[in-house]
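Take a look at the structure below.
Per chain, numbering begins at 1; letters A, B, ... match sequence-line order.
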2 protein chains.
Amino acid sequence: MEKQQVGSLRFQIDFSQPLHEQILDQVRSAIAKGEIGLGEKMPSVRELAQELRMNPNTVMRAYQELERDGLTEKRRGQGTFVTSSPERVQVFRTDLAAKYIDAFLAQMSSLGLTWTDVKAYIQQNHTSDKGGDRS
Amino acid sequence: MEKQQVGSLRFQIDFSQPLHEQILDQVRSAIAKGEIGLGEKMPSVRELAQELRMNPNTVMRAYQELERDGLTEKRRGQGTFVTSSPERVQVFRTDLAAKYIDAFLAQMSSLGLTWTDVKAYIQQNHTSDKGGDRS
DNA sequence: TAAGTGTATTATATTATTTAATACACTTAA
DNA sequence: TTAAGTGTATTAAATAATATAATACACTTA
């Protein structure tokens, strides 16, 4: 439940999901939202592992997926850096959003709800949500 | 990848998720969409296990969650039946939809996307989707 | 050369998932 | 009463995913 700041990154780890997935999701989000800048140096695998009190192998697993996403670049002996390409970030955002949206619409469909139903519901319950983004 | 009909229920099981979760999701959907009628008898635990070639304990686990959902009722010695209450189904549908929607909006927010962004995207890519519902 | 990078390997522990083999209480129909 | 069919509970075992631990190697920089 506790938040943890490591360089430009903020982490909040619990036991509801695999640790490497939580790191992955939260770094992805930080890059997508520009909370960590393009080209900026990431914490080293060992440093982040120590800060989050987990095994370097676990952090490594998340870092390797980030590189497959095209969101980071490794420089041998130097470290891991956020990509300098805004286009890459945009492509990633679009692709992942499409994947999430497809899955969501499938869920709604499985409950017999149409897109019109969903839109009406969200308009009613999530538009005046002034305290919605507690990060 | 293959579909399987058991009474009024249609199943499609793969290895992407735990088996008991797939049974749960697919029965929930069938009830929510009215594919199996209110008050109708479900396949017995042993029968469904045999049809789907899995262990009765695995089917049991899904059936117990269905009862917690309020979607089924057990009668000792007789079997498991879909609830006769349309209100219960409606409450379930609303509650689960709200849960799915909250999670979805959190995903979009983690990518820096607003509800307006999402709406525009879906209008463009999912409205003229005439071949969308392959079930 | 020394310290800091990412990476790879091997081993072990833990947990979730699934199967297997029974057993019990209850209901219904022969 | 009996037999078959319900849901349910228990114990054991196998498998896979997750995570930790302890090293080791190649590369870069100061």
Distance check needed: [N] [atom2] versus [X] [atom1], whole Å only.
X     : N      : atom1 : atom2 : value
A:R76 : C:dT5  : CZ    : C1'   : 12 Å
B:Q50 : D:dG5  : CD    : C1'   : 13 Å
A:L52 : D:dA19 : CG    : C1'   : 14 Å
A:I13 : D:dT20 : CD1   : P     : 11 Å
A:Q64 : C:dT9  : CD    : P     : 11 Å
A:Y63 : C:dT5  : OH    : P     : 10 Å
B:R75 : D:dG5  : CZ    : P     : 20 Å

### Query
In the 5'-to-3' direction, what one-character label does each nucleotide of nucleotides 13-21 of chain C receive under the scheme B = base within less than 4.0 Å of a protein heavy atom, S = sugar-phosphate only, - = no such atom?
----SSBBB

### Message
Could you check whether A:H126 and B:D102, counting side-chain N and O atoms only, form a donor-acceptor pair closer than 3.5 Å?
### Response
yes

### Message
Please list, in numerical order, the residues of residues 40-48 of chain A that have a heavy atom closer than 4.0 Å to any atom of DNA chain C.
### Response
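Only A:S44, A:V45, A:R46 qualify.
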
### Same cluster (ILVMFWY, side-chain, under 4.5 Å), A:Y63 and A:L38
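Yes.
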
### Query
Are A:V6 and A:I31 in one and the same hydrophobic cluster, where Ile, Leu, Val, Met, Phe, Trp and Tyr link if side-chain heavy atoms are under 4.5 Å apart?
yes

Reckon [X] has a side-chain N or O less than 4.0 Å from the OP1 or OP2 of [N]?
X     : N      : result
B:T80 : D:dG7  : yes
A:Q78 : D:dT29 : yes
B:K74 : D:dT6  : no

### Geometric cation-pi criterion, A:R75 with A:F81: 6.0 Å, 45°
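Checked: cation-pi criterion met.
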
### Query
Should the pair B:F104 and A:F104 be assigned to parallel (<30°), tilted (30 to 60°) or perpendicular (>60°) ring geometry?
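Parallel.
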
### Query
Any stems for DNA chain D, made of 3 or more Watson-Crick or G-U pairs in a row, each with both distances under 3.5 Å?
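Looking at DNA chain D, the stems formed by three or more consecutive pairs are C:1-30 with D:1-30.
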
Rounded distance [0.5 Å steps], [atom1] in [X] versus [atom2] in [Y]:
X      : Y      : atom1 : atom2 : value
A:I122 : A:Q124 : CD1   : CD    : 11.5 Å
B:E40  : B:T72  : CD    : OG1   : 13.0 Å
B:I13  : B:R53  : CD1   : CZ    : 11.5 Å
B:M108 : A:I101 : CE    : CD1   : 5.0 Å

### Message
Between A:K119 and B:W115, is there a side-chain heavy-atom distance shorter than 4.5 Å?
### Response
yes

### Task
Compare every heavy atom of A:L48 with every heavy atom of A:P43, then report the nearest pair and how far apart it is.
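Heavy atoms of A:P43 and A:L48 come nearest at CB-CB, 4.1 Å.
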
